[in-house]
Amino acid sequence: MDRYDAATIEEKWQRVWEDERAFHVPNLPGAARHFYQLEMLPYPSGTLHMGHVLNYTMGDVITHFRRRNGSTVLRPMGWDSFGLPAENAAIREGGHPREIVETNIEAIRIQIKRLGWAIDWEREVGAHNPDFYRWTQWLFLKFFERGLAYRKAAPVNWCPNDQTVVANEYVIDGRCERCGAQVESRNLEQWFFKITAYADELLRYDLPPGGEWPERTMAIQRNWIGRSEGAEILFRVDELDLDIPVFTTRPDTLYGATFFVLAPEHPLVERIGGDDVLAYARQTAAKRGEERAAEDEKTGVFTGQYATNPVNGERLPIWVADYVLMDYGTGAIMAVPAHDERDRQFAETFELPIVEVVTEEGELVNSGPFDGRPANEAKAAIVEMLREQGLGAAAVSYRLRDWSFSRQRYWGCPIPIIHCEGCGLVPVPEEQLPVVLPEVEDYRPKGVPPLASNLEWLNVACPSCGGPAKREADTMDTFVDSSWYFLRYVDPHNDDAPFDREAVDYWLPVDQYIGGIDHATGHLLYSRFFVKVMNELGLLGFREPFARLFHQGWVQMGGTKMSKSKGNVLGPDDLVADHGADAVRLYILFIGPADQDMEWTDTGIEGISRFVRRLWRVVGEVAGAPADEAAGPLTRKAHATIAKVTDDVGRRFSFNTALSAVMELLNELARDPAAPGARFAAETAVSLIQPYAPHVAEELWQALGHERLWEQPWPVVDQAMLESETFELVIQVNGKVRDRFEVSAELGEDELVARAKASPKVQAQLDGKQIRQAIVVPGKLVNLVVG
RNA sequence: GCCGGGGUGGCGAAACUGGUCAGACGCAGCCGACUUAAAAUCGGCUGCCCCGCAAGGGGCAUGAGGGUUCGAGUCCCUCCCCCGGCACCA
């Protein structure tokens, strides 16, 4: 055979697959078994790096594996092309975001095709295309009708660099996830999705049979949602004829409340406090949350007013203090310094009384009729007592906030709303969709929405009264686009609806989703929320978008995560040119377990290149020899490898060990390429490596006299070949291996023990001692217990 | 502090339900073959310590310490360290 030439082989087969539309599937194929394989779509803000290569190669292996195991596989690709990453890239490079994005898409498409991934290109979608965002707008209107998209003034995160609001989910350690600038808190009127209404729903995972999410992802979402059970209790301020509600998780400590605290932002501060209190509250409220938390000493002022403890009538002084937050619970607390660390600190600073009400044994004291009762039991009893008096009730509080999704930026999906002075917020009529993103003179961020600068676009007649009105000029967060893109893939050219329900119910939930864990509290939560709402709208028949989820690890270089700022971002282009796409694909999956961070090394890929050339040479040699049908040890090894690879790829997602197994098979074949069973071993190695290295596999398959490996059924294990007539019996004495030898698989337990005892090495160990017990593990070992 | 995930050779890692002297496969390293030479390729060695000229033999090793078991990297308890999420959240 000729020398191995990756570029020629790879180009040849890529052309065949493209000409044949090899990986295209119909919307409703009517196949008995089908599989939706999806990886998170890329932002076209640059080109692909090795993290993408890992992600999509993994998806590719699963795609080929499932196809060859008899499933019709949907495996699409698209572009998360709206939003800040693309827009910022455009600002950096100069030019219109659309041009930059489309140039990048073209470059990425070339990279993808060069890597030979099995994608149905007829389903390509891009968030910035009007025929996609028309339906993003349509979905927004459905949410709006249901009150699930609404406007309110609220403290939101403002990124001073990107000049826009940023969602809580994408503020990391107080910084904008996109640009790293410290975000500010601003009270602005913004659009929100009412994701909090689904907090409990989102804590449940209604996965279909076989569905599974990583524990750590569910834990992150759980922490983010932050559900706590407790009670809401009313505290009366007689002098002002007020009842102030308080949320607590510890109603059992109610008798230990010695003071009462309002958050500085609490609306009642104005009514309760004097000028000095108001001044303190204003000053404190102006500080950012983190700044406030970072201060060691708690600060506060007494208002001069008292609230009544509903269980014992005690008058509790009302304070305003920085450690109570307005945006959790009710913004007011009962302070129990004996049983709350923060309240204790505050009480010590301001010399307020501390009353213990729960003993170390967990029994109530100083608690009137509840003395002596276990705390967890008293919790319910006290809430019940308050409920009867109309002074409290069981309540649940969440950490999750509504999703703010309006952005004061250009490059996003326009929000199809018209502001009319008379009619208020008027939806753009469905038949007028899409509201096309208008051209503007200058799209750079200035803190006011750039769309507002195009007056011709902005000023419209109100669809309701016909009077003068203005369009909404904010655009949508790009995470709105990615909350439903996986549904559009199923029916991407539909002009009458976002998708056909039958097609969506056929393919979804996505069988296998692959992407970074960094989206655990963002995209992955938003998508679940969207699907639940769409289910209630009757648009689809399931409650969870993704049945199985897998997070790839980070590809690192020099011990650190690749990032643009560190200048260690490695792309596939040079590597593909030097080693071929197959070698790059093989190596990225061979470095280590795919869900673990991995260190890229140049010597590593050279090792894999050696393996590919060795495969080429050895299989070529076998292909050149006359075919033999004889079976031998190689046949047995080949079947063992089929079993191992099938399990590793299909069940365990252990791509590195599956590849090791094929290497072992090749090593054994290389030792004697003329041995009985060599041809079967060669065919098996090629067939099993095909999902990883489809080009060289296809070429070798042809050399072996066959055709169209990508359509061939996955190899089947002959169980009989795995069973052996003999096995190596291990003999242990007190758990330590002392001897081993081949024995017949037919032998009974007594006979195995007898052979063990007869071993001279065992005899030497016995040294006259008694054999007290013999443990036999059939087919494996005998352990003699002596003493 | 609470919640989750981890800790195995020089390196990336195997060992899947407790059972084959723990370390497959690969990288790096060392020795050798082929070659005028190099590359490529092929063969061998490669956890640590001790005894032995050698063949071989013995002991110790999976973050630390206990425990369960005939047998523990794997199960249980305590602790240490690393990574991630939440955090004045009442």
Side-chain angles (χ1 to χ4, degrees), chain A residues 3 172 214-228 230 246-250 253 257 261 263 289-290 292-296 298 321-325 327-336 339-343 345-346 397-399 517-518 520-521 551 587 590-593 595-608 610-611 613-614 617 644 647-648 651-652 654 656-667 670-671 727-740 764 772-787:
Chain A
R3 240 182 113 256
I172 313 293
E215 178 52 41
R216 58 183 177 143
T217 315
M218 294 192 291
I220 290 170
Q221 295 197 340
R222 227 168 23 239
N223 286 340
W224 184 257
I225 294 166
R227 182 182 205 273
S228 351
V246 149
F247 176 77
T248 178
T249 55
R250 296 292 307 275
T253 64
V261 190
E290 306 206 356
R292 243 160 86 175
E295 283 166 12
D296 299 335
K298 299 192 186 330
D322 60 349
Y323 79 97
V324 175
L325 309 174
D327 60 4
Y328 185 77
T330 64
I333 63 154
M334 63 176 211
V336 185
H339 304 287
D340 182 282
E341 191 50 39
R342 297 147 304 176
D343 294 345
Q345 260 187 50
F346 192 81
S397 193
Y398 301 90
R399 197 197 151 279
I517 197 168
D518 45 329
T521 60
H551 300 297
Y587 181 56
F590 184 66
I591 305 178
D595 58 352
Q596 209 167 288
D597 291 355
M598 55 198 80
E599 175 74 17
W600 179 276
T601 63
D602 291 336
T603 51
I605 192 165
E606 277 159 26
I608 286 289
R610 265 200 287 282
F611 164 73
R613 289 197 300 270
R614 193 168 143 91
R617 203 175 51 244
K644 168 83 175 151
D647 190 48
D648 279 357
R651 180 179 66 89
R652 297 178 64 212
S654 183
N656 55 326
T657 54
L659 189 43
S660 296
V662 178
M663 286 174 173
E664 278 187 62
L665 176 61
L666 181 66
N667 288 347
R671 241 165 264 148
F727 70 93
E728 192 181 34
L729 179 68
V730 169
I731 298 155
Q732 299 179 330
V733 176
N734 285 343
K736 296 218 171 199
V737 176
R738 296 301 176 183
D739 201 4
R740 51 177 58 214
R772 294 219 296 236
Q773 199 188 346
I775 311 274
V776 180
V777 182
K780 286 185 176 164
L781 59 79
V782 171
N783 185 14
L784 300 172
V785 186
V786 304

OP1 or OP2 of B:C88 versus the side-chain N and O atoms of A:Gln345: is any pair under 4.0 Å? no
Does a side-chain N or O of A:Arg652 approach OP1 or OP2 of B:A15 to a distance below 4.0 Å, or not? yes
Considering only atom [atom1], compute the distance from [N] to [M] and round it to an integer number of Å.
N	M	atom1	answer
B:C25	B:G58	C1'	30 Å
B:G26	B:U46	C1'	14 Å
B:G9	B:G47	P	13 Å
B:A72	B:U20	C1'	15 Å
B:A24	B:G66	P	29 Å
B:G63	B:G7	P	8 Å
B:G6	B:A90	P	27 Å
B:G57	B:U74	C1'	30 Å

Heavy atoms from C-beta onward define the side chain here; which of [options] lies closest to that of [X]?
X	options	result
A:Arg617	B:G84, B:C16, B:U41	B:U41
A:Val785	B:C86, B:C70, B:A90	B:C70
A:Thr249	B:C70, B:A90, B:G85	B:A90

Euclidean distance, atom [atom1] of residue [X] to atom [atom2] of [N] [Å, nearest integer]:
X	N	atom1	atom2	answer
A:Ile605	B:A28	CD1	P	13 Å
A:Ile172	B:G84	CD1	P	12 Å
A:Lys736	B:A61	NZ	C1'	11 Å
A:Asn783	B:A72	CG	C1'	13 Å
A:Glu606	B:A40	CD	C1'	13 Å
A:Asp647	B:A15	CG	P	11 Å
A:Phe611	B:C27	CZ	C1'	15 Å
A:Asn734	B:U69	CG	C1'	13 Å

Given that both distances must come in under 3.5 Å, which nucleotide forms a Watson-Crick or G-U wobble pair with [N]?
N	result
B:C42	B:G32
B:C88	none
B:U62	none
B:C25	B:G12

Suppose we call a contact any N or O donor and acceptor under 3.5 Å apart; does that hold for the side chain of A:Arg222 and the base of B:C3? no
Verify, without hydrogens or angle tests, whether A:Arg738 (side chain) and A:Ile731 (backbone) share a donor-acceptor contact under 3.5 angstrom. no
So, the side chain of A:Asp343 versus the backbone of A:Val336: is there a donor-acceptor pair under 3.5 Å, distance only? yes
Using a 4.0 Å heavy-atom cut-off across all strands, classify [X] as base, sugar-phosphate, or nothing.
X	value
A:Pro593	sugar-phosphate
A:Arg216	sugar-phosphate
A:Ser228	sugar-phosphate
A:Val246	nothing
A:Ile333	base

Could you work out, with side chain to side chain contact (heavy atoms under 4.5 Å, CB included) as the rule, every residue matching A:Val776, not counting sequence neighbours? A:Glu749, A:Leu752, A:Val753, A:Val782
Residues at least two apart in sequence or cross-chain that pass ring pair (Phe, Tyr, Trp, His ring centres under 6.0 Å) with A:Tyr323, listed by chain then number, are A:Phe346
Starting at the 5' end of RNA chain B and moving along, which residue's nearest nucleotide shows up first, A:Thr248 or A:Ala670? A:Ala670
Using heavy atoms to find the nearest nucleotide of RNA chain B for A:Ser654 and A:Gly329 separately, return the residue whose nucleotide is more 5′. A:Ser654
B:G9 glycosidic torsion: syn (within 90° of 0) vs anti: syn
May I ask you to check whether A:Arg614 and A:Asn667 show a side-chain donor-acceptor distance below 3.5 Å? yes
Can a donor-acceptor pair be found between the side chains of A:Ser660 and A:Thr657 at a distance below 3.5 Å? no
So which atom in [X] and which in [Y] form the shortest heavy-atom distance, rounded to 0.1 Å?
X	Y	answer
A:Leu784	A:Ala774	CD2-CB, 3.8 Å
A:Val261	A:Ala335	CG2-CB, 4.4 Å
A:Ala263	A:Leu325	CB-C, 3.8 Å

At what distance, to the nearest 0.5 angstrom, does NZ of A:Lys644 lie from CD of A:Glu664? 8.5 Å
Could you run down nucleotides 20-26 of chain B 5' to 3' and tag each one B, S or - for protein heavy-atom contact under 4.0 Å? BS--BBS
